[in-house]
Structures are given as C-alpha cells and as structure tokens.
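Below is one structure, written out as structure tokens, with a few remarks after it.
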Amino acid sequence: AQSVTQLGSHVSVSEGALVLLRCNYSSSVPPYLFWYVQYPNQGLQLLLKYTTGATLVKGINGFEAEFKKSETSFHLTKPSAHMSDAAEYFCAVTPSGYSTLTFGKGTMLLVSP
Amino acid sequence: DVKVTQSSRYLVKRTGEKVFLECVQDMDHENMFWYRQDPGLGLRLIYFSYDVKMKEKGDIPEGYSVSREKKERFSLILESASTNQTSMYLCASSLGGRDGYTFGSGTRLTVV
C-alpha cells in the first residue's frame, strides 16, 4: 500500500522568501505524484503532477517540484512567496495504473508581510 | 475545463436523518470519488466508482452508501446521520490515475 508523509502541518514564511513544502512517499511500484492547493472553503486545485519523464515539473502560480526516486521525495518549492500563496497544500500519490489517490495530511502555508 | 458540481455548499441536518449529497461532473469521466476532510486527518476515501452502477469501498465506508445510476452523477448517502459525520465532503472525478482528480467545491455538513 502507498502512503504519503508531509513534514510539518504548518509552515510560516515571509513574503518574498523561499517556499519549501516537504513530501515523502512510499509506493511498491513507480508512482504518479501530485500537489494540490486548497484555499479556504474551496475544493482542491491541481498545482502540478509527475507521471513520467523529466523529474523537475513546473506548475501553476510559479510552483515547481522535483521527483527524487532515491529519496522517495517530491518536495514543492517556490522562489518567492506571495501573500496569495497562503493556503493548504496536499501531496498525493498513486501507483501507476491505479486511479485512487492517497493524500498526505496537508501543510498549511502561512505568509506574513 | 472539467467541472464538478456539488449541489450544496453548506448543510445542517439532525441526528438520525437520511442525508443525500449530490455530485455531477460534465466531462464524461469514468471514475468518481467521495472523500471526507477533517482537520489534521487530511482526505480520507469513503467510496469510489469506476463505472455506472459500480461502487467500491474506500478506507472509511462505515455509515455511508453511494449510488451511481448515471455516469455523470455520484451520490453519497448517510443512512442515519450522526454527529461524528460532521465534516467537509469532497467529490472528485478523473479519467485515470495519471490525470489526477478534478474536485468539486465541497459540502460542509453539520449534524446536530
């Protein structure tokens, strides 16, 4: 069975600082990996995904993530935080060929002026 | 863009009531899912469906059932609502594993 661990339930950064949200996964087969963002009282929106090919993937709103197989990680980064990035972020994994996603417990990103 | 519509944003129901949460998607997706979201617990899969009239239990199906009579509609049913079912309920659909999900806006259910 697959699982996802997101390190830190809350991460605080200053506006303009680097954003780093950590995600580690376990999967018995090559995984597909996803990051979602959730703004208050809304559903989840896909930020980016890794399926095959290039291990550095770029998403919306200036976010990117790198798949590192040796570290079983898929950390999310953004060079410069903006106030509008304040939201909850979820990492998710599915073994390739399956359709059900397993989600991490989420990381709340707080951005201060 | 795929749109997933959940019929209610907020619901308040009484303990013991039968509750229906409706979800409709407009892009002919085969797969549909119901999750509940609770603080500190993330998203937990309740039920999912790969096709019309097909359903599969997720991780926490107890106290819930589902119905999928048409491809575009997937309903979650709380047979007898209890206060521990107070939660945010999220519906999603997808073409397949590599595509990820498209989520609805969620229904925040309060059982009193």
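Letters A, B, ... are given to chains in the order of the sequence lines, protein chains preceding strands, and every chain is numbered from 1.
- Under a cut-off of 6.0 angstrom, the local environment of NZ in A:Lys49 is crowded, with over 12 non-hydrogen atoms contributed by other residues, nucleotides or ligands.
- Interface remark: A:Gln38 contributes side-chain atoms only to the contact with chain B (heavy atom separation under 4.5 Å).
- Listed here is the closest heavy atom pair of A:Phe34 and B:Asp99: CE2-C, 4.0 Å.
- Looking at A:Gln45, there are no atoms closer than 4.5 Å to chain B (heavy atoms on both sides), in backbone or side chain.
- Hydrophobic clustering keeps B:Met54 apart from B:Tyr47 (ILVMFWY residues linked when any side-chain heavy atoms are closer than 4.5 Å, directly or through intermediates).
- Counting heavy-atom pairs closer than 4.5 Å to chain A, the top residue among B:Gly40, B:Pro39, B:Ser94 is B:Gly40.
- Under the 4.5 Å side-chain heavy-atom criterion for ILVMFWY residues, a single connected hydrophobic cluster contains both A:Tyr32 and A:Phe90.
- Among B:Arg108, B:Glu30, B:Gln37, the residue making the largest number of heavy-atom pairs under 4.5 Å with chain A is B:Gln37.
- Proximity to chain A (any heavy atom under 4.5 Å) is shown, for B:Asp59, by neither the backbone nor the side chain.
- Under the 4.5 Å side-chain contact rule for hydrophobic residues, A:Val4 and A:Phe67 share a cluster.
- In terms of heavy-atom pairs under 4.5 Å with chain B, the best-connected choice from A:Gly43, A:Gly106, A:Ala92 is A:Gly43.
- Side-chain heavy atoms closer than 4.5 Å link hydrophobic residues (I, L, V, M, F, W, Y) into clusters, and following such links, even through other members, never connects B:Trp34 to B:Leu90.
- A:Leu46 and A:Phe63 fall into different hydrophobic clusters, where Ile, Leu, Val, Met, Phe, Trp and Tyr side chains are chained together by heavy-atom contacts under 4.5 Å.
- In the displayed structure, B:Ile60 atom CD1 is contacted under 6.0 Å by more than 12 heavy atoms of other residues, nucleotides or ligands.
- Judged by distance alone, the side chain of B:Arg9 and the main-chain N or O of A:Asn41 form a donor-acceptor pair under 3.5 Å.
- With a threshold of 4.5 angstrom between heavy atoms, A:Tyr36 approaches chain B through side-chain atoms but not through N, CA, C or O.
- Put simply, of B:Tyr101, B:Phe103, B:Phe48, the one with the most heavy-atom pairs under 4.5 Å next to chain A is B:Tyr101.
- Side-chain contact check for B:Tyr35 versus A:Leu101: some heavy-atom pair is nearer than 4.5 Å.
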